[in-house]
Amino acid sequence: MTIRTRFAPSPTGMLHIGGVRTALFSWLYARRHNGTFILRVEDTDRERSTEAATQVILDGMQWLGLAADEGPFYQTRRMDRYREVIDEFLRTDRAYHCYCSKEELDAMRTRQQAAKQKPRYDGTCRHGREARPGVSPVVRFKNPLDGTVVVEDAIHGNVLFENTELDDLIIARSDGSPTYNFCVVVDDMDMKVTHVIRGDDHLNNTPRQINMLEALGAKLPVYAHVPMILGPDGAKLSKRHGAVSVLQYREDGYLPEALLNYLVRLGWSHGDQEIFSIEEMTQFFDIVDVNKSASAFNPDKLLWLNQQHIMRASPQRLAQFLKPQLAVLGIHTDDEAKLIAVARAQQERAKTLKEMAENSGFFFRDVDTYDAKAAQKNLTADARKALQALHGNLQAVAVWDKESIHGALQAQSTESGLALGKIAQPLRVAVSGTGVSPPIDITLEVLGRGETLKRLVRAIEWIDAAKPATAG
RNA sequence: GCUCCCAUCGUCUAGAGGCCUAGGACACAGCCCUCUCAAGGCUGGUACAAGGGUUCGAAUCCCUUUGGGAGCGCCA
């Protein structure tokens with residue numbers, strides 16, 4: 001039997017990290033077992049579903065690389081099929097029309113709550129209340145009145161529900177449109193889903209779905225209800241931290257594999273391993289190993305993982321993400337070789353691609369201002385001599401590569417008796433405008449000789465211009 | 001209120017009765033390395049929610065309490 005999993009988001013809000021994690025688990029499980037991963041958009045709520053949210057889901061899944069083997073399917077395009085099943089339920093007496101008004105239902109709920117009971121439909125129409133003219137009825141599923149439903153869950157084990165706790169849920173609204181719990185059942189059956197992996201907020205819905213599945217004579221899928229993700233404060237995930245669109249992470253300079261790595265470790269582990277490639281995840285992940293308890297979202301660890309993945313990624317891959325980040329800063333370049341060289345030089349010192357871009361501007365455009373603190377400390381009269389000498393020494397370097405550059409700096413240090421830092425740091429400020437850059441030899445190599453010498457001259461001029469001001 | 005779920009460092013987790021004076025990771029502090037920033041290495045502190053059982057022995061099994069979460073819609 002081939003494994004078939006699905007991710008079934010509803011386009012009513014943003015695709016946030018909670019949704020992404022259940023998608024990831026479903027995807028990994030399918031990949032691991034050579035199965036099929038299905039994407040199904042649950043858009044039956046026409047009021048709240050939006051085109052934009054659907055697009056975000058699609059874009060997000062694509063960015064993350066969670067490609068669907070089948071779909072995307074849209075529930076709104078399956079209305080005929082739902083109608084067909086509803087009619088069949090009606091015909092075979094497994095569902096009935098209910099004419100109770102919203103007011104009646106509200107009153108019923110209020111009454112039940114006052115009596116400290118669980119609000120549930122009392123079955124007034126179940127045994128055939130006469131049709132009310134002018135009232136379009138809803139359709140309710142006839143839930144079994146007694147017995148126990150056992151949800152066999154791969155994560156939680158067997159969870160028991162008494163049918164007496166359940167009621168006859170609405171499967172079609174008065175306008176004829178089918179409702180969520182019903183559509184899920186029909187879809188999972190039609191799409192032959194073998195493993196339903198979803199948030200554990202759905203655990204309570206499962207017995208109803210099982211009852212409907214059984215009424216349809218369908219084979220039950222394996223259920224796996226994964227725990228929720230909480231905010232860093234342990235409270236429900238809110239906009240403030242993780243409940244933003246996943247695409248926000250792309251904008252903020254996160255690598256998709258880093259986000260996925262972070263998410264896969266929430267509720268799951270493989271020994272002491274923290275860093276996983278996508279391949280390793282698919283190799284090791286198993287749904288039965290997932291924890292039962294909710295976990296809090298930790299932005300610091302995500303940031304750390306992003307840095308670790310940046311360090312491990314190929315410069316070619318990083319260049320591809322660095323380019324749009326530079327564009328955001330107004331730096332447009334098609335020099336792929338330089339992008340790759342910069343990414344290679346920076347990949348050990350950037351927590352995000354955005355940060356990498358911010359620290360790499362000087363590679364692509366002139367330095368017109370110096371960081372005040374760095375300049376005050378390093379662009380001094382003493383440094384001027386070193387920079388002056390450096391200009392000559394670097395001009396004399398035969399081959400412009402980091403080894404030769406390093407050799408020239410070393411030689412100058414030895415000759416002048418100045419510590420390497422006394423030479424390298426002023427040089428760094430001269431070429432980058434700040435006190436921070438990749439190792440100076442690498443920085444110069446990437447920057448090129450011409451640009452280096454130009455900036456050296458400019459820094460010397462700057463010192464000369466600043467001197468009288470400082471002195472006077 | 002009712003039903004269901006959950007409970008190890010601040011956080012993510014290891015732990016499926018003795019290997020646990022509870023291991024790893026993030027964060028934090030100190031040290032080392034060092035041309036800056038990082039990365040890396042080393043060191044340090046902090047956890048089995050509480051109470052009862054079961055057992056020679058419990059973080060691990062059972063019960064209760066407490067705390068958190070979810071569901072109870074003509075939302076998904």
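Convention: sequence-line order gives letters A, B, ...; per-chain numbering from 1. In this text the structure is predicted, and so the values were computed from the model without any measurement.
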Let me check something: any side-chain donor-acceptor pairs from residues 372-382 of chain A under 3.5 Å, sequence neighbours excluded? List them with distances.
residue, atom, partner, partner atom, Å
A:N378, ND2, A:A374, O, 3.0
A:T380, OG1, A:A383, N, 3.2

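Regarding A:Y262, its OH atom lies at a distance of 12 Å from the P atom of B:U11, rounded to whole Å. Taking atom CG of residue A:L427 and atom C1' of nucleotide B:U36, one finds them 11 Å apart after rounding to whole Å. Atom CG of A:D168 and atom P of B:C74 are 13 Å apart (whole Å). One can place CD of A:E104 at 13 Å from P of B:C74, the figure rounded to the nearest angstrom. B:A38 atom P lies 17 Å from atom CG of A:N306, rounded to whole Å. The CZ atom of A:R198 sits 18 Å away from the P atom of B:C4 (whole-angstrom rounding). Rounded to whole angstrom, the span from the CD atom of A:E162 across to the P atom of B:C2 amounts to 17 Å. Taking atom CD on A:E165 and atom P on B:G1, their separation rounds to 15 Å, with Å as the unit.
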Show the distances under 3.5 angstrom between N or O atoms of the protein and N or O atoms of nucleotides 32-35 of chain B.
residue, atom, partner, partner atom, Å
B:C35, O2, A:R428, NH1, 3.2
B:C35, O2, A:R428, NH2, 2.8
B:C35, N3, A:I440, N, 3.3

Dump every N/O contact between nucleotides 68-71 of chain B and the protein below 3.5 Å, one line per pair.
residue, atom, partner, partner atom, Å
B:A70, O2', A:D201, O, 3.2
B:A70, N3, A:N204, ND2, 3.3
B:G71, O4', A:N204, ND2, 3.4

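A:S295 has a side-chain polar atom (N or O) that falls below the 4.0 Å cut-off from OP1 or OP2 of B:U13. Within the structure, a side-chain polar atom (N or O) of A:S269 is placed less than 4.0 Å from OP1 or OP2 of B:A14. For the pair A:K292 and B:C5, the criterion of a side-chain N or O lying under 4.0 Å from OP1 or OP2 is not met.
A donor and an acceptor atom, one from each side chain of A:T124 and A:D122, are located under 3.5 Å apart. Looking at A:R109 and A:Q112, their side chains never bring a donor and an acceptor atom within 3.5 Å of each other. In the model, A:S295 has no side-chain atom that pairs as donor or acceptor with a side-chain atom of A:R265 under 3.5 Å.
Counting any heavy atom pair closer than 4.0 Å across all strands shown, A:S177 reaches no nucleic acid atom.
Side-chain atoms of A:Q425 come within 3.5 Å of backbone N or O of A:G435 as a donor-acceptor pair.
Only the C1' atoms considered, B:G41 is 23 Å distant from B:U46, to the nearest whole Å. A gap of 14 Å separates the P atoms of B:C9 and B:G23, to the nearest Å. For the C1' atoms, the distance from B:G52 to B:A16 is 23 Å, rounded to whole Å.
Looking at residues two or more places apart in sequence or on another chain, you find a side-chain contact (heavy atoms from CB on, under 4.5 Å) between A:R449 and A:V397, A:W400, A:L453. Under the salt bridge (charged side-chain N to carboxylate O under 4.0 Å, His left out) criterion, A:D300 pairs with no residue, sequence neighbours left out. With sequence neighbours excluded, the residues forming a side-chain contact (heavy atoms from CB on, under 4.5 Å) with A:P439 are A:R349, A:D441, A:I442, listed by chain and number. Taking A:R312 as the reference, nothing meets the salt bridge (charged side-chain N to carboxylate O under 4.0 Å, His left out) condition, with sequence neighbours excluded. With sequence neighbours left out, the ring pair (Phe, Tyr, Trp, His ring centres under 6.0 Å) criterion links A:F182 to no other residue. Remark: A:E84 engages A:R81 in a side-chain contact (heavy atoms from CB on, under 4.5 Å) (not counting sequence neighbours). Residues satisfying the salt bridge (charged side-chain N to carboxylate O under 4.0 Å, His left out) criterion with A:R455, sequence neighbours excluded, are A:E451.
Cation-pi geometry between A:R140 and A:Y121 is met: the NZ or CZ atom falls under 6.0 Å from the ring centre, inside 45° of the normal.
Using cut-offs of 30° and 60° on the angle between ring planes, the pair A:Y223 and A:H225 is parallel.
Checking A:R126, A:R94, A:K142, A:R120 one by one against A:D168, the salt bridge (Lys or Arg N to Asp or Glu O under 4.0 Å) holds for a single residue, A:R126.
Across B:A7, B:G40, B:C74, the shortest atom-to-atom separation from the side chain of A:Q308 is found for B:G40.
Taking every heavy atom of residues 150-159 of chain A and every atom of RNA chain B, pairs under 4.0 Å involve A:H156, A:V159, by number.
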Original post:
Going 5' to 3' along nucleotides 21-27 of chain B, which nucleotides have protein heavy atoms under 4.0 Å from the base (write B), which only from the sugar-phosphate (write S), and which from neither (write -)?
Top reply: --BBBBS
